[in-house]
Amino acid sequence: MENSLEEREKELLAKIDPERLPGHVAIIMDGNGRWAKERGLPRSAGHRQGVETVREIVSCSHRLGIKVLTLFAFSTENWKRPAWEVNYLMSLPQQYLKKELPKLVEENVKVNLIGDPSRLPPPVQKAVNQGLEATRNNTGMVLNFALNYGSRMEIVRAVQGLLADIQEGRHKGPVTEEVFSRYLFTAGLPDPDLLIRTSGEYRLSNFLLWQLAYSELWFTRTYWPDFNRCHLLQAVYDYQQRERRFGKI
Ligand code: IPE
Ligand code: IPE
Ligand code: MG
């Protein structure tokens with residue numbers, strides 16, 4: 001099994017054009033609960049296995065030369081889940097960073113956060129801040145976690161920020177798309193070139209609505225805990241077969 005994964009990886013790597021990689025890959029990591037249910041396990045087991053997938057995909061993206069990897073880890077709507085599940089999900093960033101941060105620092109990966117951190121439990125805020133601080137000067141891949149992220153919340157906050165800056169004279173001149181983008185959590189990051197969603201759901205679930213305007217979308221029925229580097233490479237290969245026209249002919 002492992003062997004054939006390696007062979008497949010080699011095949012895909014040989015087909016991928018390193019000059020035309022998607023600069024920014026965004027992933028809606030979905031299907032942890034159903035993965036667990038199919039195995040008669042608690043949903044938390046799916047989330048735990050999902051963290052292993054995060055490790056594999058971060059490492060593969062980094063080796064491939066992806067510049068920005070955005071992972072949707074917790075949405076503003078996910079607070080509606082039962083308290084035990086929210087608590088479990090909230091324990092994962094610390095767990096992940098505790099184990100991975102030294103490697104991320106060493107590999108020149110820069111951790112970034114999009115979303116509203118103020119509602120995150122203080123230990124999560126602390127762990128995330130440590131991650132941001134420890135990798136602040138890194139210049140390699142940006143590993144961008146969407147935590148308590150919702151696109152509509154982001155857009156409303158951007159409008160509020162912009163209005164305040166106009167009223168207080170900090171912003172003068174026209175409000176262009178470029179100006180508006182600077183008020184989003186993703187300020188300074190390029191828009192995703194490729195969006196991946198796992199688990200056979202075909203929706204955006206309030207993720208990066210502005211930023212995904214011209215992204216290529218790639219869906220798989222595979223649940224996130226079963227997603228591996230070959231799925232990622234396949235998505236990148238498929239992306240390279242698409243023609244991006246941006247409205248032109
Ligand atoms: C993705 O898996 C993890 C988060 C949304 C945080 P789910 O927990 O949504 O798994 P399903 O969709 O119920 O299978
Ligand atoms: C989207 O998955 C959010 C994350 C992956 C963090 P959900 O499982 O919450 O999405 P819906 O509710 O099925 O649309
Ligand atoms: Mg889901």
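Every number for a ligand or one of its atoms is a count from 1 in the order of the listing. The residues of the chain are indexed from 1 along the displayed sequence.
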Please determine whether any non-hydrogen atom of Arg197 lies less than 4.0 Å from an atom of ligand 2.
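For ligand 2, residue contact (heavy atoms, under 4.0 Å) with Arg197 is present.
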Glu77 touching ligand 2 at heavy-atom level, < 4.0 angstrom
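Checking ligand 2 against Glu77, which is what was asked, there is no heavy-atom contact under 4.0 Å.
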Under a heavy-atom criterion of less than 4.0 Å, does [X] contact ligand 1?
X	value
His47	yes
Ala73	yes
Gly31	yes
Arg43	yes

Side-chain touch [X]/[Y], heavy atoms, less than 4.5 angstrom:
X	Y	answer
Asp191	Leu212	no
Gln211	His24	no
Leu195	Val25	no
Tyr96	Val54	yes
Leu184	Leu189	no

Evaluate [X] for polar contact with ligand 1, using N/O atom pairs at a separation under 3.5 Å.
X	value
Arg81	yes
Arg34	yes
Phe74	no

I want to check a possible cation-pi pair here: Arg119 against Trp79, using under 6.0 Å from ring centre and within 45° of the ring axis as the test.
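That pair qualifies as a cation-pi contact.
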Quick one: look up the protein heavy atom nearest [atom] and list residue, atom name and how far away it is.
atom	answer
atom 9 (O) of ligand 2	Asn78 ND2, 2.9 Å
atom 2 (O) of ligand 1	Asn32 N, 3.2 Å
atom 14 (O) of ligand 2	Ser205 OG, 2.6 Å
atom 10 (O) of ligand 1	Gly33 N, 2.9 Å

Under 4.0 Å from any heavy atom of Phe72, which atoms of ligand 2 are there?
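Answer, ordered by atom number: 3 (C), 4 (C), 5 (C), 6 (C).
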Any atoms of ligand 2 less than 4.0 Å from a non-hydrogen atom of Arg203? List them with their elements.
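Counting atoms of ligand 2 from 1, those under 4.0 Å from Arg203 are 11 (P), 13 (O), 14 (O).
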Within the stated cut-off of 2.8 Å, is an N/O/S atom of Asp30 closer than that to the Mg ion (ligand 3)?
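So Asp30 does bind the Mg ion (ligand 3) by this criterion.
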Qualifying residue for side-chain contact (heavy atoms from CB on, under 4.5 Å) with Asn144, from Leu69, Val111, Asn112:
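The passing option is Asn112.
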Just to be sure I read this right, does ligand 2 sit under 4.0 Å from the backbone of Phe207, its side chain, both, or neither, counting only heavy atoms?
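Looking at Phe207 and ligand 2, no heavy atom falls under 4.0 Å.
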Using a 4.0 Å heavy-atom cut-off, say whether Met29 meets ligand 2 through its side chain, its backbone, both or neither.
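The backbone, only.
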Does atom NZ of Lys10 have more than 12 heavy-atom neighbours, drawn from other residues, nucleotides or ligands, at distances under 6.0 Å?
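Count not over threshold, so no.
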Indicate yes or no for a side-chain donor-acceptor contact from Asn129 to the backbone of Gln125 under 3.5 Å, with no hydrogens or angles considered.
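Judged by distance alone, yes, a pair lies under 3.5 Å.
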Whether Thr53 side chain and Trp224 backbone form a donor-acceptor pair below 3.5 Å
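Side chain of Thr53 to backbone of Trp224, a donor-acceptor pair under 3.5 Å: yes, one is there.
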Assigning hydrophobic clusters by single linkage (Ile, Leu, Val, Met, Phe, Trp, Tyr; side-chain heavy-atom cutoff under 4.5 Å), is Val142 placed with Leu147?
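Result: no, two separate clusters.
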